[in-house]
Amino acid sequence: MYDGTIQAGVAILKDKYRLNEGTISKLLGLDITTLDDDYMSNYTDQTNHAEYALHFLVGALDSTSDDTKLSGVIDGFMHYFDLSIEALALYAEITPTEMKNFISDPSSLSIEKKYHMGMRFMLLHFVLKESYRVEADKKEENTN
């Protein structure tokens with residue numbers, strides 16, 4: 001059972017998904033072999049990231065529908081990069097009207113179009129992943 005701790009999440013990744021410690025350490029951005037029960041006393045950005053990532057890797061991934069996940073990616077593109085509905089529709093190779101309809105009612109789009117959109121957005125997300133970090137760093141600099 002996932003209780004929100006890194007140790008519980010690591011146990012699920014090992015047992016349910018058969019990941020080894022090296023892979024888990026890469027995914028979480030910290031060396032889990034040296035993590036002790038008192039990790040909260042030395043809380044870092046890596047620890048914070050690990051807790052955030054684990055929520056998705058062991059919890060939300062199984063508990064949300066694929067439509068909800070795809071809608072979340074679209075929301076992220078619109079929020080982080082100010083991508084318009086029209087731009088997203090062009091990337092997905094659908095019409096802006098189809099994109100608007102999908103956002104308000106995911107069942108309005110055929111499974112084939114959702115698959116195509118999901119694959120294209122997965123690649124776009126991969127290409128832009130470093131940009132998320134740059135944007136987060138800018139926000140952090142502005143708050144200091």
Side-chain angles (χ1 to χ4, degrees), residues 1-85 87-94 98-144:
M1 171 100 189
Y2 182 58
D3 63 7
T5 64
I6 292 175
Q7 289 89 340
V10 166
I12 292 170
L13 291 175
K14 285 180 178 179
D15 296 340
K16 183 175 181 180
Y17 297 105
R18 305 289 188 242
L19 300 180
N20 64 44
E21 289 178 344
T23 299
I24 296 169
S25 292
K26 286 179 185 179
L27 289 172
L28 301 182
L30 57 94
D31 184 358
I32 64 161
T33 61
T34 61
L35 194 67
D36 61 12
D37 290 336
D38 194 32
Y39 73 89
M40 290 299 288
S41 65
N42 297 316
Y43 204 75
T44 65
D45 285 342
Q46 265 101 3
T47 316
N48 183 48
H49 168 74
E51 288 180 338
Y52 175 80
L54 279 168
H55 168 73
F56 292 99
L57 292 171
V58 301
L61 189 63
D62 292 335
S63 66
T64 58
S65 71
D66 290 338
D67 286 344
T68 301
K69 291 178 195 109
L70 187 53
S71 294
V73 170
I74 291 168
D75 288 343
F77 285 150
M78 292 172 74
H79 172 76
Y80 285 106
F81 301 110
D82 295 323
L83 290 174
S84 67
I85 288 174
L88 290 168
L90 289 168
Y91 272 114
E93 297 183 329
I94 60 175
E98 287 175 313
M99 180 61 75
K100 287 178 190 173
N101 290 341
F102 175 79
I103 290 170
S104 62
D105 177 18
S107 67
S108 67
L109 206 57
S110 72
I111 192 76
E112 291 84 8
K113 287 186 178 185
K114 285 187 229 182
Y115 173 80
H116 186 72
M117 178 170 38
M119 294 304 294
R120 294 180 68 85
F121 285 175
M122 183 173 61
L123 177 61
L124 184 61
H125 177 72
F126 178 77
V127 169
L128 296 175
K129 69 180 178 176
E130 284 300 314
S131 299
Y132 287 106
R133 290 188 188 139
V134 169
E135 186 67 24
D137 289 346
K138 284 182 190 175
K139 287 181 182 180
E140 187 175 311
E141 287 173 8
N142 291 336
T143 60
N144 292 332

Side chain to side chain contact (heavy atoms under 4.5 Å, CB included) between M122 and V73: does it pass, once the steps are laid out?
-> CA-CA 9 Å; M122 183 173 61; V73 170; over 6 Å; no
Does the side chain to side chain contact (heavy atoms under 4.5 Å, CB included) test come out yes or no for K14 and N20, once each step is laid out?
-> CA-CA 6 Å; K14 285 180 178 179; N20 64 44; over 6 Å; no
Can D31 and T33 be said to form a side-chain hydrogen bond (donor to acceptor under 3.5 Å, both in side chains), step by step?
-> CA-CA 5 Å; D31 184 358; T33 61; 2.5 Å; yes
Could you walk me through whether D66 and L70 pass the side chain to side chain contact (heavy atoms under 4.5 Å, CB included) test, one step at a time?
-> CA-CA 6 Å; D66 290 338; L70 187 53; over 6 Å; no
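The two residues A8 and D3 make their nearest non-hydrogen contact at CB-OD1, 3.1 Å. For K114 against L109, the heavy-atom pair with the smallest separation is CE-O, 2.9 Å. The minimum heavy-atom distance between L54 and T5, with the atom names listed, is CD1-O, 4.3 Å.
Side-chain contact between D82 and F77: absent, with no pair of heavy atoms (C-beta onward) separated by less than 4.5 Å. M99 is listed as a side-chain neighbour of M117, based on a closest heavy-atom distance under 4.5 Å.
In this structure, CD1 on I94 lies 7.0 Å from NZ on K113, to the nearest 0.5 angstrom. Interatomic distance, CG of L88 versus CG of D75, reported as 10.0 Å (0.5 Å rounding). Taking CG from L13 and CG from L27, the interatomic distance works out to 7.0 Å, rounded to the nearest 0.5 Å. Note that CD1 of I12 is 12.0 Å distant from CG of L19, once rounded to the nearest 0.5 Å. Here H125 contributes atom NE2 and F81 contributes atom CZ; the two are 8.5 Å apart, rounded to the nearest 0.5 Å. The structure places CZ of F102 at 5.0 Å from CG of D67, a figure rounded to the nearest 0.5 Å.
Formation of a donor-acceptor pair under 3.5 Å by the K100 side chain with backbone atoms of I85 is not found in this model. One N or O on the side chain of S108 and one on the backbone of N101 form a donor-acceptor pair closer than 3.5 Å. At least one donor-acceptor pair under 3.5 Å links the side chain of S25 to the backbone N or O of E21.
Shown here is Y17, whose OH atom has more than 12 heavy atoms of other residues, nucleotides or ligands within 6.0 Å. Counting heavy-atom neighbours within 6.0 Å of K69 NZ, excluding the residue itself, gives a total above 12. More than 12 non-hydrogen atoms from other residues, nucleotides or ligands lie less than 6.0 angstrom from OH of Y2. Sparse packing is recorded around OH of Y91, with 12 or fewer heavy atoms of other residues, nucleotides or ligands lying under 6.0 Å away.
For the 3.5 Å distance criterion, the side chains of S71 and T68 fail to qualify, holding no donor opposite an acceptor. Judged purely by distance below 3.5 Å, without hydrogens or angles, the side chains of D105 and S107 pair a donor atom with an acceptor atom.
L123 meets the side-chain contact (heavy atoms from CB on, under 4.5 Å) test with V127; sequence neighbours excluded. Partners of S104 according to the side-chain contact (heavy atoms from CB on, under 4.5 Å) rule, which considers only residues two or more places apart in sequence or in another chain, do not exist here.
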